[in-house]
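Since this is a predicted model, take the numbers as computed values, not measurements.
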Amino acid sequence: MHNPPRILIVDDNETNRDILVTRLGTHGYELSQAADGEEALTAAKAQLPDLILLDVMMPKLDGFEVCRRLKGDATLPFMPIILVTAKADSKDIVTGLEAGADEYLTKPIDQLALVARVKSVLRLKELHDKVSAQAADLAVWNRTLEERVAHQLAEIERISRLKRFLSPQVAELILSSGDDRVLESHRRAVTVVFCDLRGFTPFAETSEPEEVMTVLRDYHAVLGALIHQYEGTVERFAGDGVMILFNDPLPCPDPSVRAVRMAVDMRDRVAAELQPKWRKQGHELGFGVGVAHGYATLGRIGFEGRFDYSAIGTVVNLAARQD
């Protein structure tokens, strides 16, 4: 919608055009003229008016044909058309409306009716343009939303993969930096914590699988919360055996101190929360934990779609033997 609204007046009679220009000129519209149907088509495509006042009876192309061509051109924006004619027969009105006209005025033109119809149709044009603009904005927003959702899903997938063996804090730090090269093979001094349940093998051999799963679920829930709290990296789960790394893949201050504090908290939590419940259920299970510090080679091992983060070296075996 132009500001001021742009109106194209089409009539083969110059006097009729002048009358319309005079009556509408006082309302501040931007007015232009065309003397026949062909001029009307050219002017409409060049000017893209907000409203066309279109005479029906004209040489070359009559108003009905001009209306059909304009309304049938998908490259043009919505341009409302008011047909202006002395032909007041209902068949002519129907023909005009079927051709795509939005309103109809008969000659001689009543000035009040003219101004009212013009204002009414221009309001329709303004509303149409607003809806079209909102639809375009919505389409852009939807495309942007689809891209954001796709990006977020990819990030969620990456986070899920990393959080399989990293603490949430470390995984989110790697993702925020956009650099996961820290997971490539490298050598570093690390502190290794290995813990398991004493008496688990005979318990698993003599108990129902559902009982074993319940014990492991409770056990891993307690240990997992502490691993996240101390920002350890889970190297592996193997039944009741859990191995945790400190100082890798990202360095941390005082890794050995942090590892020992976590081990003590694990021991205390298992003793206070889990072992009394297990004893009531007739399960005699103890808890062992070993801590060792030394150099190891670390990195991802596995295959596409299934990687684990692992440590290789004597420090790993030492932590397991001290358990």
Exercise for the section: Sort out for me which residue in L70, V121, V10 forms a side chain to side chain contact (heavy atoms under 4.5 Å, CB included) with I81. Expected result: L70
Handout entry: Positive for side chain to side chain contact (heavy atoms under 4.5 Å, CB included) with K107, one of T85, D55, N13
Key = D55
Practice task
Please say whether more than 12 non-hydrogen atoms of neighbouring residues, nucleotides or ligands are located less than 6.0 Å from OH in Y295.
Solution key: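 No, OH of Y295 has 12 or fewer neighbouring heavy atoms, counting only those of other groups under 6.0 Å.
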Exercise for the section: Taking atom CE of M57 as the centre, report whether more than 12 heavy atoms of other residues, nucleotides or ligands fall under 6.0 Å from it. Expected result: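 Result for CE/M57: open.
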On a heavy-atom basis, which atom in [X] and which in [Y] lie closest, and how many Å separate them?
{"X": "L8", "Y": "A44", "answer": "CD2-N, 4.0 Å"}
{"X": "F246", "Y": "G232", "answer": "CE2-CA, 3.7 Å"}
{"X": "A311", "Y": "L298", "answer": "CB-CD2, 3.6 Å"}
{"X": "C67", "Y": "A101", "answer": "SG-N, 3.3 Å"}

Exercise for the section: Indicate whether the side chain of S32 and that of Q47 have a donor and an acceptor atom separated by less than 3.5 Å. Expected result: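 Checked: S32/Q47 side chains pair up, N/O donor to acceptor below 3.5 Å.
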Problem - Y29 and D50: side chain donor to acceptor below 3.5 Å - result: no
Exercise for the section: Would you kindly confirm whether V222 and Y230 end up in one hydrophobic cluster when ILVMFWY residues are joined by side chain heavy atoms under 4.5 Å apart? Expected result: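 As far as the 4.5 Å side-chain criterion goes, Y230 and V222 are connected within one cluster.
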Exercise for the section: Indicate, with yes or no, if L114 and L54 share a hydrophobic cluster defined by side-chain heavy-atom contacts under 4.5 Å among Ile, Leu, Val, Met, Phe, Trp and Tyr. Expected result: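 Result: no, two separate clusters.
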Whether [Y] and [X] form a salt bridge (side-chain N of Lys/Arg under 4.0 Å from carboxylate O of Asp/Glu) is what I want to check.
{"X": "E284", "Y": "R198", "answer": "no"}
{"X": "D265", "Y": "R269", "answer": "no"}
{"X": "E126", "Y": "R123", "answer": "no"}
{"X": "R188", "Y": "D248", "answer": "yes"}

Is the shortest side-chain heavy-atom distance between [X] and [Y] below 4.5 Å?
{"X": "E235", "Y": "V242", "answer": "no"}
{"X": "E211", "Y": "H283", "answer": "yes"}
{"X": "S185", "Y": "T297", "answer": "yes"}

Practice task
Evaluate the ring planes of Y219 and W278, with Trp represented by its six-membered ring, and classify them as parallel (under 30°), tilted (30 to 60°) or perpendicular (over 60°).
Solution key: tilted
Practice task
Fit a plane to each ring of F237 and H220, take the angle between them on a 0 to 90° scale, and name the class: parallel (under 30°), tilted (30 to 60°) or perpendicular (over 60°).
Solution key: perpendicular
Practice task
Apply salt bridge (Lys or Arg N to Asp or Glu O under 4.0 Å) to D102 and list each qualifying residue two or more places apart in sequence or on a separate chain.
Solution key: K71
Problem - Partners meeting salt bridge (Lys or Arg N to Asp or Glu O under 4.0 Å) with K277 (sequence neighbours left out) - result: D218
Handout entry: CZ on R17 to CD on Q33, rounded to 0.5 Å
Key = 5.0 Å
